[in-house]
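The block underneath contains the structure these notes are about, expressed in structure tokens.
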Amino acid sequence: MLVGTVIENIWATRKEEGLTGLTLLVIQPLESNLEGVIARTPLVAVDRIGAGIGDRVIVTQGSPASFIDSDKKIPIDALVIGIVDSVIERDWL
């Protein structure tokens, strides 16, 4: 999983049948300290929970992302699974 910020919406009027009705967002992954430092290039993720531009989100990637429908596997490799409300920093040392 990774944490990132939604930076754009993607509008696609024609897409794979399994993607019909799903929202596509561009996510900018962040460093693990969550301070907004860019970690790598943006990625496209499916969103079914209603994230918007500027939201900090949790994204899962790979095979787990493709099983959002219990009946069939769909062609995606990134899925928004949560919107971050806050981060509680702890000093573990």
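Quick caveat, the model's predicted, so the values are computed rather than measured. Just so it is clear, the values below take in all heavy atoms, side chains as well, and ignore hydrogens, waters and symmetry mates.
Considering only heavy atoms from C-beta on, Thr5 stays 4.5 Å or farther from Asp55 through its side chain. Contact annotation: the side chain of Ile58 never approaches that of Thr60 to less than 4.5 Å [non-hydrogen atoms, C-beta and beyond]. The shortest side-chain heavy-atom distance between Arg56 and Val3 falls under the 4.5 Å cut-off. Val59 is not listed as a side-chain neighbour of Leu79, based on a closest heavy-atom distance of 4.5 Å or more. By the 4.5 Å heavy-atom criterion applied to side chains, Gln61 and Leu2 are counted as neighbours.
Nearest heavy-atom pair, Gln28 versus Thr41, reported as atom, atom and distance to 0.1 Å: NE2-C, 4.2 Å. Looking at every heavy atom in both residues, Ala78 comes nearest to Ala65 through N-CB, 3.8 Å.
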Name every donor-acceptor pair, under 3.5 Å, that has one atom in a side chain of residues 15-22 and the other anywhere in the protein, sequence neighbours excluded.
unit_1, atom_1, unit_2, atom_2, d
Lys15, NZ, Leu22, O, 2.9
Thr20, OG1, Glu17, O, 3.1

Name every donor-acceptor pair, under 3.5 Å, that has one atom in a side chain of residues 43-54 and the other anywhere in the protein, sequence neighbours excluded.
unit_1, atom_1, unit_2, atom_2, d
Asp47, OD1, Ile49, N, 3.1
Asp47, OD1, Gly50, N, 3.4
Asp47, OD2, Gly50, N, 3.2
Asp47, OD2, Ala51, N, 2.9

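When the side chains of ILVMFWY residues are joined at heavy-atom separations under 4.5 Å, either directly or via intervening members, Ile10 and Ile7 end up in a single hydrophobic cluster. The cluster map of Ile, Leu, Val, Met, Phe, Trp and Tyr, joined by side-chain heavy atoms under 4.5 Å apart, puts Ile81 and Ile76 in the same cluster.
Rounding to the nearest 0.5 Å places CD1 of Ile27 at 10.5 Å from CG of Leu24.
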